[in-house]
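All values below come from the heavy atoms of this structure, side chains included, with hydrogens, waters and symmetry mates left out.
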Amino acid sequence: KDIDVLAEDQARINRFSRLNHKRMDLEDKIENLKESIQKYNDALEEMMICMDSSGFMLKLGDTLFPADEDYANEVVEALKKKDEDQITAYDSL
């Protein structure tokens, strides 16, 4: 049995569907960012534990390069802050 749906009601249903899909996408993005932040926290903790005088090897993309502890911390903290700022931006939507 067919049910008649008013054009106005269909428009509301479509709008709800679009907004709900957008919300689900944002929740997934926020979850992925939180996982990245946890990995950055783990990396910072590991760097604190590692007292290697020769420094660290940072991997950006496919490239490894040597870095001292201060620089490595700066890089990881900057990446972490970028993700935290992105979460804040998503939360404000």
Side-chain angles (χ1 to χ4, degrees):
K1 169 177 169 181
D2 290 335
I3 300 174
D4 291 331
V5 177
L6 298 174
E8 182 180 306
D9 291 337
Q10 186 62 50
R12 287 183 184 147
I13 292 168
N14 292 344
R15 183 170 189 270
F16 173 81
S17 179
R18 281 191 311 272
L19 291 173
N20 191 48
H21 184 70
K22 190 176 202 179
R23 179 188 59 84
M24 290 170 47
D25 285 346
L26 288 174
E27 285 176 352
D28 288 343
K29 288 178 182 180
I30 288 171
E31 186 61 34
N32 289 337
L33 288 168
K34 286 180 179 180
E35 289 174 8
S36 290
I37 289 170
Q38 183 58 48
K39 288 178 184 177
Y40 295 139
N41 285 333
D42 293 345
L44 289 168
E45 186 176 313
E46 288 295 322
M47 285 191 289
M48 288 174 57
I49 292 171
C50 179
M51 295 297 194
D52 192 355
S53 62
S54 64
F56 300 96
M57 296 296 286
L58 287 181
K59 180 178 182 183
L60 294 176
D62 292 332
T63 307
L64 286 171
F65 61 94
D68 64 11
E69 183 178 358
D70 292 335
Y71 181 73
N73 278 325
E74 285 177 26
V75 169
V76 174
E77 287 288 350
L79 292 169
K80 180 180 163 187
K81 174 135 178 49
K82 183 184 90 165
D83 284 357
E84 289 170 340
D85 291 346
Q86 189 66 52
I87 288 176
T88 301
Y90 287 152
D91 283 340
S92 68
L93 295 176

Inset, instruction - Check whether any side-chain N or O of Thr63 sits under 3.5 Å from a backbone N or O of Lys59 as a donor-acceptor pair, and report yes or no. - result: no
Legend entry - Heavy-atom check, side chain of Leu26 versus side chain of Leu93, under 4.5 Å: yes
Legend entry - Straight-line distance of Asn32 CG to Gln86 CD, nearest 0.5 Å: 12.0 Å
Inset, instruction - To the nearest 0.5 Å, tell me how far Phe65 CZ sits from Leu60 CG. - result: 4.5 Å
Inset, instruction - Output the distance between atom CD1 (Ile13) and atom CG (Asn20), rounded to the nearest 0.5 Å. - result: 13.0 Å
Inset, instruction - Report yes if some heavy atom in the side chain of Asp91 is under 4.5 Å from a heavy atom in the side chain of Ile87; otherwise report no. - result: yes
Legend entry - Evaluation steps, side-chain hydrogen bond (donor to acceptor under 3.5 Å, both in side chains), between Asp42 and Gln38: CA-CA 6 Å; Asp42 293 345; Gln38 183 58 48; 2.8 Å; yes
Legend entry - Arg12 side chain reached by Glu8 side chain, heavy atoms, under 4.5 Å: yes
Inset, instruction - Rounded to the nearest 0.5 Å, what's the gap from CG on Asp25 to CD1 on Ile30? Could you check? - result: 11.0 Å
Legend entry - CD (Gln10) with more than 12 external heavy atoms under 6.0 Å: yes
Legend entry - Shared hydrophobic cluster for Tyr40 and Tyr71 (ILVMFWY, side-chain gaps under 4.5 Å): yes
Inset, instruction - Establish whether Tyr90 and Met24 are linked, either directly or via other cluster members, by ILVMFWY side-chain heavy-atom contacts under 4.5 Å. - result: no
Inset, instruction - Using a strict 4.0 Å threshold on nitrogen-to-oxygen distance, state whether Arg23 and Glu27 make a salt bridge. - result: yes
Legend entry - Pairwise distance CG(Leu33) to NZ(Lys80) - rounded to 0.5 angstrom: 13.5 Å
Legend entry - Euclidean distance, Leu44 CG relative to Ile49 CD1, rounded to 0.5 Å: 11.5 Å
Legend entry - Phe16 atom CZ, over 12 foreign heavy atoms within 6.0 Å: no
Legend entry - Heavy-atom check, side chain of Lys82 versus side chain of Asp85, under 4.5 Å: no
Legend entry - Pairwise side-chain contact, Cys50 with Phe56, heavy-atom cut-off 4.5 Å (strictly under): yes
Legend entry - Nearest heavy-atom neighbours spanning Glu69 and Met47: OE2-O, 4.2 Å
Inset, instruction - Treat each ILVMFWY residue as a node, draw an edge where side-chain heavy atoms are under 4.5 Å apart, and state whether Ile37 and Val76 are in one component. - result: no
